[in-house]
Amino acid sequence: MKGFNLDILNKNILVTGGANGIGKELVKALIKEGSNVGVIDSDNNSLSKIKSEFSKVFSFYCDVTKIKDLEKAINKFYNSVGQIDVLVNNAGILYSEPLICFNSKGIQKHSYNHWKKVMDVNLNSVFYVSCSVVSKMVEKRTKGVIVNISSISAAGNSGQSAYSAAKAGVNALTSTWSKELSALGIRVLGISPGYSDTNSTHKALNQSIINNLKKEIPLKRLGKPKEIVNAIMFGIKNDYMNGKIIEIDGGLIVT
């Protein structure tokens, strides 16, 4: 049906944080459908593994908070494939720390350094990457798609000041850019996962917390990476999806 399903065969798609977790599942799905995929990640070992598994993947070792390195990686992918059709801003870190807490030393404030790092990786990088990629889309008059990976924590989640603020910023950028870029033929949308069954979730949360979360989720389980990927693929392909944040959370409402 014309106007509904974007054929991603041979489309050039750049995924940040694509060497692990949801990002890696997405890369697999995109390759399966015949896309040319570029992966930017700071995990060199995982990049090597994904490159050995999929020889046609363009892999770039890069810290998404380093602007000059980031632009070099984007330029390399762009020059290799000729244009960028889709960008998925997936790179991020899951982090929890309350504004203040009490310990044997008294009142402990939220680390300023941790705040800055979380904002740099989860919010600033989205701006850096998108700014660079969109300029290339406009230069080539490419009718492209930007997908920003957010989180239900954007609504505000206790103990996650930095993470929640960063993801709320991602949602704001998604809405703003969808209004700015639509006239140029570029759609922008967000995918907002709940708690997913990934290594990052298990590293950030102990099993007791995860068990309690499962009780609060109406479906009584964590989301599967493939389920999040299905939502991303739907957003990329649906030509009328723009400016919206799709929540994939099993019915969980963060309060």
Side-chain angles (χ1 to χ4, degrees), residues 1-18 22-23 26-27 29-40 56-58 60 64 67 70-92 123-150 154 167-193 228-248:
M1 189 187 308
K2 190 174 181 181
F4 173 75
N5 199 22
L6 173 68
D7 185 1
I8 63 173
L9 178 65
N10 294 323
K11 294 296 184 182
N12 305 315
I13 302 178
L14 183 62
V15 181
T16 67
I22 293 170
L26 174 62
V27 170
L30 292 171
I31 291 173
K32 186 176 181 180
E33 295 208 17
S35 301
N36 304 313
V37 183
V39 177
I40 293 177
K56 292 184 179 181
V57 166
F58 296 84
F60 306 96
V64 291
I67 300 176
L70 192 57
E71 290 190 338
K72 285 181 182 178
I74 293 170
N75 286 335
K76 284 182 181 179
F77 181 61
Y78 177 75
N79 291 333
S80 296
V81 297
Q83 71 177 41
I84 300 176
D85 300 291
V86 180
L87 165 66
V88 181
N89 284 306
N90 173 71
L123 178 59
N124 294 344
S125 73
V126 173
F127 175 80
Y128 301 150
V129 179
S130 299
C131 217
S132 181
V133 170
V134 168
S135 68
K136 296 184 184 306
M137 287 180 171
V138 173
E139 181 182 338
K140 279 290 183 75
R141 298 184 179 180
T142 304
K143 293 185 178 181
V145 184
I146 309 294
V147 180
N148 297 324
I149 306 303
S150 182
K167 292 303 185 179
V170 169
N171 287 357
L173 291 178
T174 300
S175 177
T176 300
W177 292 343
S178 70
K179 295 177 174 67
E180 289 183 9
L181 302 176
S182 291
L184 300 173
I186 300 171
R187 293 188 291 111
V188 186
L189 59 123
I191 302 296
S192 181
I228 310 303
V229 167
N230 286 342
I232 298 171
M233 297 290 278
F234 171 77
I236 291 173
K237 293 181 178 183
N238 192 317
D239 287 338
Y240 204 57
M241 181 68 67
N242 186 45
K244 301 301 180 185
I245 311 295
I246 306 173
E247 295 184 349
I248 310 296

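Only a predicted model underlies this, so the values are computations on that prediction, with no experimental measurement involved. Both backbone and side-chain heavy atoms feed into the values below; hydrogens, waters and symmetry mates do not.
- The minimum heavy-atom distance linking Ala29 with Met233 is given by the pair O-CE, 4.1 Å.
- Ser192 and Ile245 make their closest contact through CB-CG2, 3.5 Å (heavy atoms, listed as atom of the first residue, atom of the second, distance).
- In terms of heavy-atom proximity, Thr174 sits nearest to Val188 at O-CG1, 3.8 Å.
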Between Leu26 and Val88, does the side-chain contact (heavy atoms from CB on, under 4.5 Å) criterion hold? Intermediate values first, please.
CA-CA 9 Å; Leu26 174 62; Val88 181; 3.7 Å; yes
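- Of the possible polar contacts, none joining the Ser35 side chain to the Ile31 backbone as a donor-acceptor pair under 3.5 Å is found.
- With values rounded to the nearest 0.5 angstrom, Leu181 atom CG is found 10.0 Å from Thr176 atom OG1.
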Could you walk me through whether Val147 and Ile191 pass side-chain contact (heavy atoms from CB on, under 4.5 Å), step by step?
CA-CA 7 Å; Val147 180; Ile191 302 296; 3.9 Å; yes
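- Leu70 CG to Ile74 CD1: the interatomic distance, rounded to the nearest 0.5 Å, is 4.0 Å.
- The closest side-chain heavy-atom distance from Val145 to Leu189 is below 4.5 Å.
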Are Asn171 and Leu173 close enough, and set up right, to give a side-chain contact (heavy atoms from CB on, under 4.5 Å), and what steps lead you there?
CA-CA 5 Å; Asn171 287 357; Leu173 291 178; over 6 Å; no
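- In this structure, Ile84 and Phe77 have side chains that are in contact, with non-hydrogen atoms separated by less than 4.5 Å.
- Between Val64 and Tyr128, the shortest heavy-atom distance links the atoms O-CD1, 3.8 Å.
- Closest approach of Arg187 to Gly235, counting heavy atoms only: NH1-O, 3.1 Å.
- Residues Ile40 and Val15 form no side-chain contact, since every pair of their non-hydrogen atoms from C-beta on lies 4.5 Å or further apart.
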Cut-off 3.5 Å, no hydrogens considered: what does the side-chain donor-acceptor table look like for residues 131-142, sequence neighbours left out?
| from | atom 1 | to | atom 2 | distance (Å) |
| --- | --- | --- | --- | --- |
| Ser135 | OG | Ser132 | O | 2.6 |
| Lys136 | NZ | Asn75 | OD1 | 2.6 |
| Lys140 | NZ | Gly82 | O | 2.4 |

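- Shown here for Val170 and Leu123, the closest heavy-atom pair between the two residues is N-CD1, 3.6 Å.
- Judged by distance alone, with hydrogens and angles left aside, the side-chain atoms of Ser182 form no donor-acceptor pair with the main-chain N or O of Lys179 at under 3.5 Å.
- Taken to the nearest 0.5 Å, the CD atom of Glu247 stands 8.5 Å off from the OG atom of Ser150.
- Side-chain polar atoms of Asn90 and Thr16 form no donor-acceptor pair below 3.5 angstrom.
- Ile22 has its side chain out of reach of Ile149: every pair of non-hydrogen atoms, C-beta onward, lies at least 4.5 Å apart.
- A donor-acceptor pair is defined here as one N or O able to donate and one able to accept, closer than 3.5 Å; no such pair exists between the side chain of Asp85 and the backbone of Lys11.
- No donor-acceptor pair under 3.5 Å is formed between the side chain of Ser178 and the backbone N or O of Asn242.
- Rounded to the nearest 0.5 angstrom, Phe234 CZ and Ile248 CD1 are separated by 9.5 Å.
- More than 12 heavy atoms of other residues, nucleotides or ligands lie within 6.0 Å of CZ in Phe58, so this atom counts as buried by the packing criterion.
- Side chain to side chain, Ser130 and Asn89 meet the donor-acceptor criterion of an N or O pair below 3.5 Å.
- No side-chain heavy atom of Ile8 sits under 4.5 Å from any side-chain heavy atom of Val86.
- A distance of 12.5 Å separates CG in Leu87 from CG in Asn12, rounded to the nearest 0.5 Å.
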